Amino acid sequence: IIPSFTVGCILKLAGNVDIKIIVAENKIFFDFNGTALVSNLIDEKYINWKRIVPIDLKHSISIPVKEMIQVLKRVAYVLSEKAYFIIMKISENQIEVSAYSSDFGFFDDCIEISGGIDKEIKVNPNYLLDALQASGSEVVEMQMNKDYSPLKLVTTRHTSVIMPMRDKEKNEISNCSEDAIKDTTS
């Protein structure tokens, strides 16, 4: 495996130049008409990604990427380092995104989707945001089961896997959020 930094250097140096490549036991040598680049090779087996990407997911929803990205960027203002997660409550044709931080308060927003399942998922919003931005699509299909199995985001040219976070206590964020709302209204 060639390190990504080395690949970046190759792309910068290559241009329209012929490249001579020599591979040794644990090194790779590139010659760009007199400019040399030597790099160590990664001596590990590449991960078997087919074992990681779930295949038997029974439920699917279609999420508008642009709207979801906007919601995730707004919720980032509420999150703190102590509680950096969101709760997505998925129901028929809607996702409700909520978060609570004792430092910054409560956030709640909804977007329309196609499809639905009654499910509540706790995720790191940065992972979801990265996957949506990398999708390069207007709509992403989120596949899932009812349990805490991985979420799979699929477009015609991209697939991402996101692991949901587990609660120590079920509805931990809901209780905090309801208490915070009661405290601010009294």
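Because the structure is predicted, anything quoted here is derived from the model rather than measured.
Around atom CG of Leu11, more than 12 heavy atoms belonging to other residues, nucleotides or ligands sit under 6.0 Å away. Atom OH of Tyr127 has 12 or fewer heavy atoms from other residues, nucleotides or ligands within 6.0 Å.
Val154 and Leu132 are not part of a single hydrophobic cluster, where members link through side-chain heavy atoms under 4.5 Å apart. Each of Met144 and Ile55 belongs to its own hydrophobic cluster when Ile, Leu, Val, Met, Phe, Trp and Tyr are linked at side-chain heavy-atom distances under 4.5 angstrom. Under the 4.5 Å side-chain heavy-atom criterion for Ile, Leu, Val, Met, Phe, Trp and Tyr, Phe30 and Val7 are members of the same hydrophobic cluster.
Nearest heavy-atom pair across Leu57 and Asn145 is CA-OD1, 3.4 Å. The nearest pair of heavy atoms linking Gly105 to Val78 is O-CG1, 3.2 Å. Among all heavy-atom pairs drawn from Tyr84 and Asn126, the shortest one is OH-OD1, 3.2 Å. Residues Val161 and Pro54 approach most closely at CG2-CD, 3.9 Å, considering heavy atoms. Contact between Ser62 and Val139 at its shortest, heavy atoms only, is CB-CG1, 3.8 Å. Taking both residues in full, the closest heavy atoms of Ala36 and Phe29 are given as CB-CE1, 3.8 Å, listed atom of the first, atom of the second, then distance.
Residue pairs meeting the salt bridge (Lys or Arg N to Asp or Glu O under 4.0 Å) criterion with at least one member in residues 137-157, sequence neighbours excluded, do not occur.
For the pair Ile87/Tyr100, no side-chain contact is recorded, criterion being any heavy-atom separation below 4.5 Å from C-beta on. Side-chain contact between Phe85 and Asn124 is absent, with no heavy-atom pair separated by less than 4.5 Å. Taking the side chain as every heavy atom from C-beta outward, Met68 and Leu128 approach each other to under 4.5 Å. Using a 4.5 Å heavy-atom cutoff, the side chains of Leu153 and Ser135 are not in contact. Contact check for Pro164 versus Lys122: no side-chain heavy atoms found under the 4.5 Å cut-off. Looking at Ile42 and Pro3, their side chains come closer than 4.5 Å, going by heavy atoms from C-beta outward. For the pair Asp31/Ile22, no side-chain contact is recorded, criterion being any heavy-atom separation below 4.5 Å from C-beta on.
For the atom pair OG1 (Thr6) and CG (Leu37), the distance works out to 6.0 Å, reported to the nearest 0.5 Å. To the nearest 0.5 Å, atom CD1 of residue Ile90 and atom CG of residue Leu151 are 7.5 Å apart. Between Met88 atom CE and Ile63 atom CD1 the span is 6.0 Å, to the nearest 0.5 Å. With rounding to the nearest 0.5 angstrom, the CE atom of Met142 is 11.5 Å from the CD1 atom of Ile117. In this structure, Met163 CE and Ile121 CD1 are separated by 12.0 Å, a value rounded to the nearest 0.5 Å. Distance check, rounded to the nearest 0.5 Å: CD1 of Ile86 to CG of Leu129 gives 9.5 Å.
Within the 3.5 Å criterion, the main-chain N or O of Ser98 finds no donor-acceptor partner in the side chain of Asp108.
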Please list every donor-acceptor pair under 3.5 Å in which a side-chain atom of residues 109-116 meets a protein atom from a residue at least two apart or in another chain.
unit_1, atom_1, unit_2, atom_2, d
Asp109, OD2, Arg74, NE, 3.4
Asp109, OD2, Arg74, NH2, 2.4

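Side-chain contact of Ser137 with Thr155: a donor-acceptor pair under 3.5 Å is absent, judged by distance alone.
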